[in-house]
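Remember, it's a predicted structure, so these values are computed and weren't measured experimentally. Computed from heavy atoms alone, side chains included, the values below leave out hydrogens, waters and symmetry copies.
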Amino acid sequence: QVRLVESGGGSVQPGGSLRLTCAASALTDTRRCLVWFRQAPGKEREAVAAIDHDGRTKYIESVKGRFTISHDNTASILYLQMNSLQPEDTAMYYCAARTGLPNCGATTWTRPSMLPYWGQGTQVSVSS
């Protein structure tokens with residue numbers, strides 16, 4: 001059974017940085033898409049960034065140039081480096097995974113219902 005565990009959240013001031021980590025266990029299929037989502041209070045869950053096994057990445061427009069998704073395939077760890085954080089980045093951040101895909105596709109990665117494996121989330125708060 002695939003298990004995902006996030007860590008690294010916290011509280012920072014605007015302009016600060018955080019690095020989120022997602023440790024995956026039993027994720028043996030090399031055909032995979034790994035995604036970071038976030039959900040702010042009262043809002044829908046939103047895909048932020050995705051990466052496939054070969055390292056191809058996707059980002060939503062609002063985080064391009066500020067966030068970087070990466071992975072360590074050997075250790076099955078997913079990262080999200082977040083720089084220049086703004087109050088609107090405040091949310092619970094989740095990692096999610098889907099196996100059996102050669103890549104993250106054009107829209108698959110943006111749909112929560114398309115990803116069967118989820119972590120419990122880590123809170124990111126940005127305020128002055």
Please check if atom CZ in Arg56 has more than 12 non-hydrogen atoms from other residues, nucleotides or ligands closer than 6.0 Å. yes
In Å, rounded to the nearest 0.5 Å, how long is the span from OG of Ser62 to NZ of Lys64? 10.0 Å
Using a 4.5 Å cut-off on heavy atoms from C-beta on, say whether the side chain of Asn83 contacts that of Arg19. no
Do Ile69 and Gln81 come close enough that some side-chain heavy atom pair is under 4.5 Å? no
Between Met114 and Leu4, is there shared hydrophobic-cluster membership here, with clusters defined by ILVMFWY side-chain heavy atoms closer than 4.5 Å? no
Over all atoms of both residues, closest heavy-atom pair of Gln123 and Ser125: NE2-OG, 3.5 Å
So do His53 and Asn73 actually touch side chain to side chain, heavy atoms under 4.5 Å? yes
At what distance, to the nearest 0.5 angstrom, does CZ of Phe67 lie from OG1 of Thr57? 14.0 Å
Evaluate the side-chain proximity of Thr108 to Leu101: yes if any heavy-atom separation is below 4.5 Å, no if none is. yes
Common cluster, Leu34/Val2, ILVMFWY with side-chain heavy-atom separation under 4.5 Å: yes
Work out which heavy atom in Ile60 is nearest to a heavy atom in Ala47; give both atom names and the distance. CG2-O, 3.0 Å
In terms of hydrophobic clusters joined by side-chain contacts under 4.5 Å, are Tyr59 and Leu20 together? yes
CD of Gln1 to OH of Tyr117, rounded to nearest 0.5 Å, is 6.0 Å
Donor-acceptor check, side chain of Gln39 to backbone of Met92, threshold 3.5 angstrom: yes or no? no
Measure from the side-chain N and O atoms of Gln120 to the backbone N and O of Glu6, and report whether any donor-acceptor pair falls under 3.5 Å. yes
To the nearest 0.5 Å, atom OG of Ser11 lies from atom CG of Leu85 at 11.0 Å
Contact between Pro116 and Arg98 at the side-chain level, heavy atoms closer than 4.5 Å - yes or no? yes
Sole residue of Tyr94, Trp118, Tyr93 in ring-ring contact (aromatic ring centres under 6.0 Å, His included) with Phe37: Trp118
Surrounding CD of Glu44 (heavy atoms of other residues, nucleotides or ligands, distance under 6.0 Å), is the total greater than 12? no
Measuring from atom CZ of Arg32 to atom CG of Asp54, what distance do you get when rounded to the nearest 0.5 angstrom? 10.5 Å
Could you walk me through whether Val126 and Glu88 pass the side-chain contact (heavy atoms from CB on, under 4.5 Å) test, one step at a time? CA-CA 8 Å; Val126 185; Glu88 52 267 33; over 6 Å; no
Nearest heavy-atom approach of Cys33 to Asn103 is CB-O, 4.3 Å
Straight-line distance of Leu78 CG to Ser70 OG, nearest 0.5 Å: 7.0 Å
Using a 3.5 Å distance criterion without hydrogens, assess whether the side chain of Thr122 forms a donor-acceptor pair with backbone atoms of Gly9. yes
For Gln86 and Gly15, which heavy atoms make the closest approach, and how far apart are they? NE2-N, 4.1 Å
State whether Asp52 and Lys58 are salt-bridged, where the test is any N-O pair (Lys NZ or Arg NE/NH1/NH2 against Asp/Glu carboxylate O) under 4.0 Å. no
Please check: side-chain N/O of Thr90 versus main-chain N/O of Pro87, any donor-acceptor pairing under 3.5 Å? yes
Expected output: side-chain Trp36 to main-chain Tyr79 donor-acceptor under 3.5 Å: yes
Ala50 and Val35 have their tightest heavy-atom pair at CB-CG2, 3.9 Å
